[in-house]
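First up is the structure itself, then whatever we jot down about it.
Order of listing sets the numbers, starting from 1, for every ligand and every atom in it.
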Amino acid sequence: MPFNALGLAPELLQALKPKSYPAPTPVQSESIPPVLEGRDVLVSAPTGSGKTAAYALPLLQRWISASLAHLDTPHTRARASPQALILLPTRELAVQVGQTFRSLAVHLPKACKITVVFGGVSINPQMMGLRGGCDILVATPGRLLDLMAHNAVQLQGLESLVLDEADRLLDLGFQDELSQILAVLPARRQTLFFSATLPESVLTLSQTLLNKPVRVDVMPQAPQPSVIMQRAILVDRTQRTQLLKHLMTHEGWRQVLVFAATQHACDMVATKLRNAGISAEPFHGQLSQGKRSQVLADFKAGRLKVVLSTDLASRGIDIQNLPCVVNFDLPRSAVDYTHRIGRTGRAGQAGDALSFVSPSTQAHWHLIEKRHAVQLKLEVLPGFEPTEPVPVADPTGGVKGLRPSKKDKLRRSF
Ligand code: AMP
């Protein structure tokens, strides 16, 4: 189905042209029509599936219709309250979603004010930015509450609410903030629920918020092997930086996103790569927001070859045409593995996902493989043959990761 069969306004179709999307992705073709009709939707779709445009396009179209209906009094309603509010868990996702909205709004008949607010930076410029209101507000929950407390934003005229990455909003403990925000929103509104996974907590919340939703399921939860080429390489822990450098040279990677377990490891490996003449920067929660934005912008613009990240970048972040992801440290869980490797192979493009497995993490790797029902050949590269001893299997089981879980510790105390 082409985009012009979805009932979208010519201004939006025109904005899509430079993006050269071949056709709507499944989440777009299934979500756009019901959202245009004003229905609630419950969508399970991973990032990378095109879900942002799946709600941004129909919400902008609803804004066009509403603003045309207020021709005599342009912006009156918008000045009082945004028409749509998008709540999401992280600053990076907020910036990205704001950019998508803006790029799709370039040809609208009237200027649509799209405002993005998030924590970790001074609130004053955001309060100034909200003076006179806005039409579409993209916000992280904590900062939105702060702005509400300062009377900088009114929400009583809201018509559509989007919860993006609802599962992560709950994972990150935003439940209380969400409840406070939901309490002041008009009861009569459209609610759009987007989540990568639908655990019990998310389904329960969706039941309290949604009115006869149209359900759209565009999982694959598991990575698509045809798109993402997964590899696992057996290597001593102490040889991993060397191996990374070796692969950078021999595999001809244009860019690579490398996941490490700790902020310290990210800093350390980035320094080692820089010392070897490879442009590399760490990306983690300890860095200032300014630095994080800079690193991301540089990476997206191709000015940086390697970004070393904690799981901060494993979800939500969209880097187009990222050819390769490396698990320098294995992720704690199979779900984290899915999210990490999903940073490559976006929107159907090919990508490589490599995991460095050490003798001591081999058992954990097999658990991840088992959860994904895959079995990769553990490669050994010449010059990087592992010499570390394989640890004796823990007879109590429970090899979950590098850090023992509560259960592991409890078992050991017996
Ligand atoms: P998202 O799931 O919103 O994070 O989008 C992931 C990526 O898919 C973004 O880089 C979009 O530019 C891209 N994208 C969105 N819609 C389409 C489409 N219809 N065809 C191809 N790529 C798309």
- Message: Show every ring pair (Phe, Tyr, Trp, His ring centres under 6.0 Å) that has at least one partner inside residues 5-55, sequence neighbours left out.
- Response: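 Only Tyr55-Phe194 qualify under ring pair (Phe, Tyr, Trp, His ring centres under 6.0 Å).
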- Task: Just grab all the salt bridge (Lys or Arg N to Asp or Glu O under 4.0 Å) pairs involving residues 30-55, residues at least two apart or on different chains.
- Result: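 Qualifying pairs, neighbours excluded: Lys51-Asp164.
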- Message: Can you tell me which portion of Gln28 lies within the under-4.0 Å heavy-atom range of ligand 1? Options are side chain, backbone, both, or neither.
- Response: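 Side chain only.
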With respect to [X], determine whether any N or O atom, backbone or side chain, lies less than 3.5 Å from an N or O atom of ligand 1.
X     : result
Gln96 : no
Ala23 : yes
Gly50 : yes

- Item | Min side-chain heavy-atom separation Arg102-Val116 under 4.5 Å |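 Yes, at least one pair of side-chain atoms sits under 4.5 Å.
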- Task: State, with a plain yes or no, whether a side-chain heavy atom of Phe259 is found less than 4.5 Å away from one of Leu330.
- Result: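 No. Closest side-chain heavy atoms not under 4.5 Å.
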- Query: Are Trp365 and Tyr337 close enough that their ring centres sit under 6.0 Å apart?
  - Reply: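 Here the rings of Tyr337 and Trp365 have centres that are less than 6.0 Å from each other.
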- Could you list the atoms of ligand 1 found under 4.0 angstrom from a heavy atom of Phe3?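 Numbered from 1, ligand 1 contributes 19 (N).
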- Which is closest to atom 3 (O) of ligand 1 in terms of heavy atoms, Thr52, Val27, Leu322, Thr100?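 Residue with the shortest heavy-atom distance to the ligand atom: Thr52.
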